[in-house]
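Data first, discussion second: the structure below is written as structure tokens.
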Number of protein chains: 2
Amino acid sequence: MASDFRKTPVRVSCFECPLRQKKHFRPFSADELNFVSHFKRGELNADAGSTVIVEGSHSAHLYTLLEGWAFRYKILEDGRRQILNYVVPGDMVGLQGAVMAEMQHSVEALTPVTLCVFERKRLFQLFEKHSGLAFDLTWLAAREESILDEHLLSVGRRTATERAAYLLAFLFERGRNAGLLDEERRHVPVTQMHVADTLGLSIVHTNKTLRKLSERGLIQWLDRGCEVLDPEGLQNVANWNPGEPKVRPLI
Amino acid sequence: MASDFRKTPVRVSCFECPLRQKKHFRPFSADELNFVSHFKRGELNADAGSTVIVEGSHSAHLYTLLEGWAFRYKILEDGRRQILNYVVPGDMVGLQGAVMAEMQHSVEALTPVTLCVFERKRLFQLFEKHSGLAFDLTWLAAREESILDEHLLSVGRRTATERAAYLLAFLFERGRNAGLLDEERRHVPVTQMHVADTLGLSIVHTNKTLRKLSERGLIQWLDRGCEVLDPEGLQNVANWNPGEPKVRPLI
DNA sequence: CGGACGGTTGATCTCATTCAACCTACGTGG
DNA sequence: CCACGTAGGTTGAATGAGATCAACCGTCCG
């Protein structure tokens with residue numbers, strides 16, 4: 001599983017970072033850009049299905065997803081799995097391991113992914129010399145927190161149909177903001193197993209619930225993934241709205 | 001609801017902060033202590049049951065809980081409520097509102113509480129001049145995240161009994177570390193309604209589940225609260241362990 | 001003294017799990 | 001080239017965990 005890694009030296013320079021160009025991300029100052037380009041130590045490539053970070057590990061690195069889809073999850077001893085959140089380009093993973101002792105969750109790639117690798121040791125330099133970036137880091141952590149809040153509300157209090165609608169609307173929104181989805185590419189690369197493990201449902205019931213959403217014309221299920229036909233319809237079913245897409249930081 | 005506030009000028013000086021003395025919190029440097037004592041603009045007192053922060057508000061403040069128990073929650077339009085996490089002394093609330101636009105959840109007092117009030121505007125000074133405290137802020141955010149991860153695992157994948165055991169073990173642990181509980185005072189001040197809304201269960205089923213835990217001698221339910229008799233027993237039922245209690249930052 | 005709040009219990013019902021097939025697409029090795 | 005295994009998806013039937021409904025009790029409080 002965690003075998004197909006190619007850890008290469010920096011390939012995409014931060015100066016030409018494809019993410020930075022997108023209007024969804026806040027621009028760096030020249031100074032910050034310079035720092036980040038030194039902070040970045042390399043890139044990590046991993047195939048779909050490979051485990052990028054293992055729960056319990058003490059990694060010397062933290063990462064920003066540069067390309068592809070991934071997800072964070074936890075498992076109980078007997079194998080029950082809960083997917084905690086999804087990772088799209090611009091999201092940071094491994095911060096927990098960096099500021100606390102060890103990782104409390106694992107991360108797995110949904111598609112082939114590329115991650116920027118940063119050295120944990122240098123994190124304190126970021127805090128010391130670049131308060132703007134430090135603030136951004138906190139911003140990202142606060143945002144992850146508010147996403148988890150919404151997921152918790154969903155799993156705890158929404159019905160199966162509402163949950164499924166919420167999740168797909170959420171994934172569509174995130175994918176769109178990260179530039180992974182647009183009018184042509186509307187394909188969210190998850191299996192029904194992923195949906196089940198995110199929503200806290202069995203796979204059979206997930207299947208039946210998704211089928212209902214299909215029949216209502218809100219989504220279309222394809223091979224290993226889902227096409228969101230009516231994002232707003234899903235939002236209505238879930239009684240959720242994503243709020244204005246804000247410019248977000250990137251490290 | 002949000003009526004019984006007494007916002008007073010600083011009463012407890014940070015120099016004599018009762019929390020700082022406890023060995024669970026990391027000590028401040030003289031410089032940091034000085035900054036924080038200026039950062040703090042006052043105290044907020046609220047009665048049990050009062051709403052301290054309302055979802056959707058744009059508060060000019062952020063807070064650290066100095067005394068008492070509180071909780072964060074979200075509600076759906078039709079009234080379904082999900083409790084997201086509990087707040088104990090030393091925990092910060094309102095950071096979301098400070099770094100992002102507005103609060104995405106509400107906060108309510110479980111007992112009479114005292115909060116230290118900080119001015120949001122000054123937050124950037126903290127990042128600029130006190131990287132150690134900025135790091136601590138990130139540490140706190142990362143920790144909140146890992147707690148939410150565990151809650152999500154619980155609500156999504158644990159059985160009702162496991163969930164209840166986890167929650168009570170968790171609350172006991174947090175209360176103990178924050179100095180709210182000890183050999184004499186073992187009373188966790190929640191109603192069964194709070195437990196239900198945390199676990200995503202109905203109140204009836206929560207009652208029956210808690211009863212089973214009582215019968216097994218793990219807890220004892222009292223008026224408006226619960227006494228944890230066997231924390232380790234609960235941890236075993238839930239298949240959860242809290243890990244080494246680490247020294248934590250405080251702002 | 002009435003009402004609100006918190007807790008308790010039994011009966012019934014339903015949403016979701018589990019079990020058990022079965023189907024298709026895909027990849028691998030004989 | 002076919003045979004087989006695996007991954008993902010689908011469907012019906014049986015079962016069960018938890019929700020809902022409906023009482024009822026004690027305590028506190030205005």
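Protein chains get the first letters and strands the later ones, always in sequence-line order, with residue 1 at the start of each. If you're wondering where the values come from, they're calculated on a predicted model, not measured in any experiment.
Which of dA19(D), dG7(C), dT11(D) sits closest to the side chain of N207(A) comes down to dT11(D). The listed nucleotides are dG7(C), dA13(D), dG9(D); the one nearest the side chain of K208(A) is dA13(D). Here the side chain of V204(B) is nearest to one of dT17(C), dG6(C), dA22(D), namely dA22(D). With distances taken from any side-chain atom of Q192(A) to the nucleotides dG8(D), dA16(C), dT10(D), the minimum falls on dT10(D). Side-chain proximity of A160(A) to dG7(C), dG8(D), dA16(C): nearest is dA16(C). Distance from the side chain of H205(A) is smallest for dA16(C) among the nucleotides dT18(C), dA16(C), dG8(D).
Following rounding to the nearest Å, D197(B) (CG) and dG6(C) (C1') show an atom-to-atom distance of 14 Å. Rounded to a whole Å, the CG atom of L110(B) is 11 Å from the P atom of dG6(C). Rounded to whole Å, atom P of dG27(C) lies 11 Å from atom CG of D223(A). Straight-line distance from the CD atom of Q220(B) to the P atom of dG7(C): 14 Å, rounded to whole Å. Summarising the geometry, the separation between CD1 on I203(B) and C1' on dA17(D) is reported as 18 Å, rounded to the nearest angstrom. Between the P atom of dG16(D) and the CG atom of L201(B) lies a distance of 20 Å, rounded to the nearest Å. The nearest whole Å value for the distance from the CG atom in L222(A) to the P atom in dT10(D) is 10 Å. Note: CZ (R211(B)) to P (dT8(C)) measures 5 Å, nearest angstrom.
Within residues 161-171 of chain B, no residue approaches DNA chain D, by heavy-atom distance under 4.0 Å.
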Requested in this report: Let me see the working for H194(B) and Y86(B) under ring-ring contact (aromatic ring centres under 6.0 Å, His included), right down to the final yes or no.
Outcome: CA-CA 10 Å; H194(B) 292 120; Y86(B) 291 81; 7.4 Å; no
Do any side-chain atoms of residues 210-221 of chain A form donor-acceptor pairs under 3.5 angstrom with protein atoms, and if so which ones, sequence neighbours left out?
unit_1: S214(A); atom_1: OG; unit_2: L210(A); atom_2: O; d: 3.2
unit_1: W221(A); atom_1: NE1; unit_2: G225(A); atom_2: O; d: 3.4

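When atom types are taken as modelled, the side chain of D78(A) and the backbone of R80(A) share a donor-acceptor pair closer than 3.5 angstrom. Listed for the R157(B) side chain is no donor-acceptor partner under 3.5 Å among the backbone atoms of G79(A).
Shown here is E173(B), whose CD atom has more than 12 heavy atoms of other residues, nucleotides or ligands within 6.0 Å.
In summary, the side chains of E227(B) and H187(B) do not present any donor paired with an acceptor at a separation below 3.5 Å, with no hydrogens or angles considered. Using a 3.5 Å distance cut-off with no hydrogens or angles, the side chains of N85(B) and E144(B) do pair a donor with an acceptor. With 3.5 Å as the limit, one finds no donor-acceptor pair spanning the side chains of H105(A) and E55(A).
Among the atoms of the strands shown, only primed sugar atoms or phosphate atoms (P, OP1, OP2) are found under 4.0 Å from some heavy atom of T191(B).
Of the residues near DNA chain C, V190(B) and R158(A), the one whose nearest nucleotide (by heavy atom distance) lies more toward the 5' end is V190(B).
P89(A) pairs with exactly one of L66(A), L180(A), V113(A) by the side chain to side chain contact (heavy atoms under 4.5 Å, CB included) rule, that one being L180(A). The side-chain hydrogen bond (donor to acceptor under 3.5 Å, both in side chains) test with Q192(A) singles out one residue from N207(A), T206(A), D197(A), and that residue is N207(A).
Overall, the helix from dC1(C)-dG30(D) to dG30(C)-dC1(D) carries an axis bend of 30° between its ends, with five pairs at each end and the value rounded to 10°.
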